[in-house]
Asker: 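I have a structure I would like to understand better, so I am pasting it below and will then ask my questions one at a time.
Naming convention: chains lettered A, B, ... in sequence-line order (proteins, then strands); numbering from 1 in each chain. Only a predicted model underlies this, so the values are computations on that prediction, with no experimental measurement involved. Values reported hereafter were calculated over all heavy atoms of this structure, with side chains retained and with hydrogens, waters and symmetry mates removed.
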Amino acid sequence: MNIFDQYLNKLKKILLELSKNGSLILPNKLDGITVEIPPSKFKSDISTNVAMVLSKINNKSPNDLARTLVQSIKKEDELIENVEIVKPGFINIKFKPIFWTNFVKEIIKNSKTFGINLEESKNNYLIEFVSANPTGPLHVGHCRGAILGDVISNILLFNKHKVTKEYYVNDYGNQIINFTKSVYFRIREILYSESFPSDNKDLYPGEYIINFAKNIINLNKKIDFENFDKIADELTEYSIEEALKLIKINLNSLGINHDNFVSEKKLVKNQEVEKVIDFLQKNNLVYRGKIKAPASEDKDNWIEREQLLFKSTDFGDDKDRALQKSDGAWTYFASDVAYHKNKLDRNFDYLINILGADHAGYIKRISSSVQALSKTNDKLICKVSQLVKLIKDKKPFKMSKRKGDYITVDDLIKEVGRDATRFIMLNRSSDAELDFDFDNVIEKSKENPLYYVQYSYARIASVFRHLEKNLKSEIKISKYDFEYTNEEIKILQKISEWPKCVETACNKLEPHRIPTYLYELASLFHSYWNLGKDNPDKRFINNQKNISDEKLIFLKIISDVIKSGMDIVGVSVPEKM
RNA sequence: GCGCUUGUAGCUCAACUGGAUAGAGCGCCUGACUUCGGAUCAGGAGGUUCUGGGUUCGACUCCUAGCAGGCGCACCA
């Protein structure tokens, strides 16, 4: 039900016919020709650039070409009210009101699938997001990427693609050892009243570790905590379990559920790293060598050593990357290559990685490895979520990891709620920094786009409530012989953009388009609603407490679109606020 | 120094994968309420899209050279 695609197809048919009888020359591909939404000042419904695209090859001015095309376009279609040619050569089409009545009829008939692109072929996606270290609760910094990944998944799922949501657990390496030690010292603090060595900068000072320690003590009374080395492995496992438990609670409070949690440690244990390095070696992409010192300021500490390297420069990276540390352990990069091999072996069409801005520099090397492993360069799609600037009391709020005073997801949800957090985090393009103003987010006004959209839905719900009708049940209408007013058609035009909005959000993996669209739709609706204030004839419900069929389904499709949009964003649509 | 990224109204940001006279909100100015729920609406002022070149019917968008902010440049994860 994408009227723009429908008209593009119609147009192409007309063009082919004209070229058959020799009155038009066509290029091999008709790619550049589009049917789009004209700017609102033109008072047309759809618009095409066809005359400008074909003018050169036909050696005619866009205006002349447009004039001949318009005749064929008009002839083919009795739903068109008039066609205009506008300055550079656009052809603008205005439909008769009956077009919009038919449009509504179609939507009601396909209410379950409106907005979904059913013609496009469907893919199987793996999306990896969050993947925060299992050493403590999620904080605000993780939040944007988490929501971005979740909503990208929702968009793909809405469009009937297959999606697997995955969390990569970095449970291997130095940070985990330091984390386990921190838990251990907290345990000793509790059991033997030894004070926590807070001057050790490698340790995690956060108070949540105390809870982990308590839980581990309570669950495992038989363990002898006296000697660290003896229980290190066991304690590591329990500590990670505690952290993951907390992370999952955090994710849950954001409304996020991953399908898989993949353990780095297990990959290493299963020799997957060796296998992938072996594979790369056979392709001459691994060698022993030295990396040049970085060009940054502090090269004094640089020690040059020979180590195992991956030839990522073959794929455009600016230096080759280390696979093995001097103590023989694999680098983070090495096991991540193994993880991506693991992903590739599971036969997905596309792999999506959501990364924080601070990891953007990592993209080149990991995409190099995927290119090396898959021999293609369009398998992996990396999306970066830029930083969130927290603003409290009109001032930027700085978090300090060392002091342990950072705002957790838990704090955020308690203060502003899940819906507002999700909506505001998405409201901007993901590759621009985002201001997250606490005072603003809580405010229940137009300044807060969440409430603005929710309010439009609640208004529609209130009409149905007054009429004692169910907003969620299907509406059946036998006669579609009514016509919509200009104000209503304005909203229907916006509704017709919904499939286009979803399609773009899906193709470009840009979720912010959904809230932006919903805001615009809500805005048109609020305007329309207020017409009833000046003119009682324009109210939905008449004096006899009745509503006409056309208004009833009109409201229904608006609320349906808002509902499906808000479902994608993952926020609620209350019927009363 | 190198890489990535951003630069659009006073402020926060859109702009349909190259379209038309660049749009919203906040703030400012003027209006609409004993509300079909004002958490709303109508109107006004506000622009050299960071700068200079290029590509073409057409550039906020693409290329190129700069300028300015952010992030990154490890055997960390």
Asker: Which nucleotide, if any, forms a Watson-Crick or G-U wobble pair with A65(B), using both distances under 3.5 Å?
Answerer: U51(B)
Asker: Quantified in whole Å, what is the C1' atom distance between nucleotide A22(B) and nucleotide A15(B)?
Answerer: 7 Å
Asker: Looking at every strand, decide which applies to E497(A) at a 4.0 Å heavy-atom threshold: base, sugar-phosphate, or nothing.
Answerer: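 If one applies the 4.0 Å heavy-atom cut-off, E497(A) turns out to touch nothing in the nucleic acid.
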Asker: If only side-chain N and O atoms of H359(A) are considered, is one of them under 4.0 Å from the OP1 or OP2 phosphate oxygen of C4(B)?
Answerer: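 It does not, given that no N or O in the side chain of H359(A) lies less than 4.0 Å from OP1 or OP2 of C4(B).
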Asker: Does C73(B) have its OP1 or OP2 closer than 4.0 Å to a side-chain nitrogen or oxygen of R365(A)?
Answerer: no
Asker: Suppose we define a pair by two distances each less than 3.5 Å, Watson-Crick or G-U wobble; what does C4(B) pair with here?
Answerer: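 Check on C4(B): paired to G70(B), both distances under 3.5 Å.
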Asker: Can S47(A) and E36(A) be counted as having a side-chain donor-acceptor contact under 3.5 angstrom?
Answerer: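 No, E36(A) and S47(A) have no side-chain donor paired with an acceptor closer than 3.5 Å.
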Asker: Is there aromatic stacking of Y452(A) on A39(B) here, judged by a ring-centre distance under 5.5 Å and a plane angle under 30°?
Answerer: no
Asker: With P as the reference atom in both, quote the distance from C26(B) to C41(B) in angstrom, rounded to an integer.
Answerer: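 One P to the other, the span is 8 Å.
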Asker: What integer number of Å spans the P atoms of U8(B) and G69(B)?
Answerer: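 Per the computed distance, 14 Å lies between those P atoms.
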Asker: Which part of the nucleic acid, if any, lies within reach of L531(A) when heavy atoms closer than 4.0 Å are counted: base, sugar-phosphate only, or nothing?
Answerer: nothing
Asker: Report the base-pairing partner of C60(B) (Watson-Crick or G-U wobble, both distances below 3.5 angstrom), or none.
Answerer: none
Asker: Report yes or no: is the cationic atom of K500(A) (NZ for Lys, CZ for Arg) closer than 6.0 Å to the six-membered ring centre of F4(A), at no more than 45° off its axis?
Answerer: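 Flagged: K500(A) positioned over aromatic ring of F4(A).
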Asker: Check whether any side-chain heavy atom of N92(A) lies under 4.5 Å from a side-chain heavy atom of V83(A), and answer yes or no.
Answerer: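 In short, these two side chains do not touch, never coming nearer than 4.5 Å.
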Asker: Mind checking K508(A) for me? I need base, sugar-phosphate or nothing, with any heavy atom below 4.0 Å counting as a touch.
Answerer: base
Asker: Across all strands, who's sitting opposite G10(B) as a Watson-Crick or G-U wobble pair, both distances under 3.5 Å?
Answerer: C26(B)
Asker: With no angle test and no hydrogens, is the base of A20(B) tied to the side chain of S47(A) by a donor-acceptor pair under 3.5 Å?
Answerer: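 Flag set: donor-acceptor pair detected.
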Asker: Find out whether F540(A) and L552(A) are in side-chain contact, i.e. whether some heavy atom of one side chain is under 4.5 Å from a heavy atom of the other.
Answerer: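 The answer is no, as the side chains (C-beta and beyond) never meet within the 4.5 Å cut-off.
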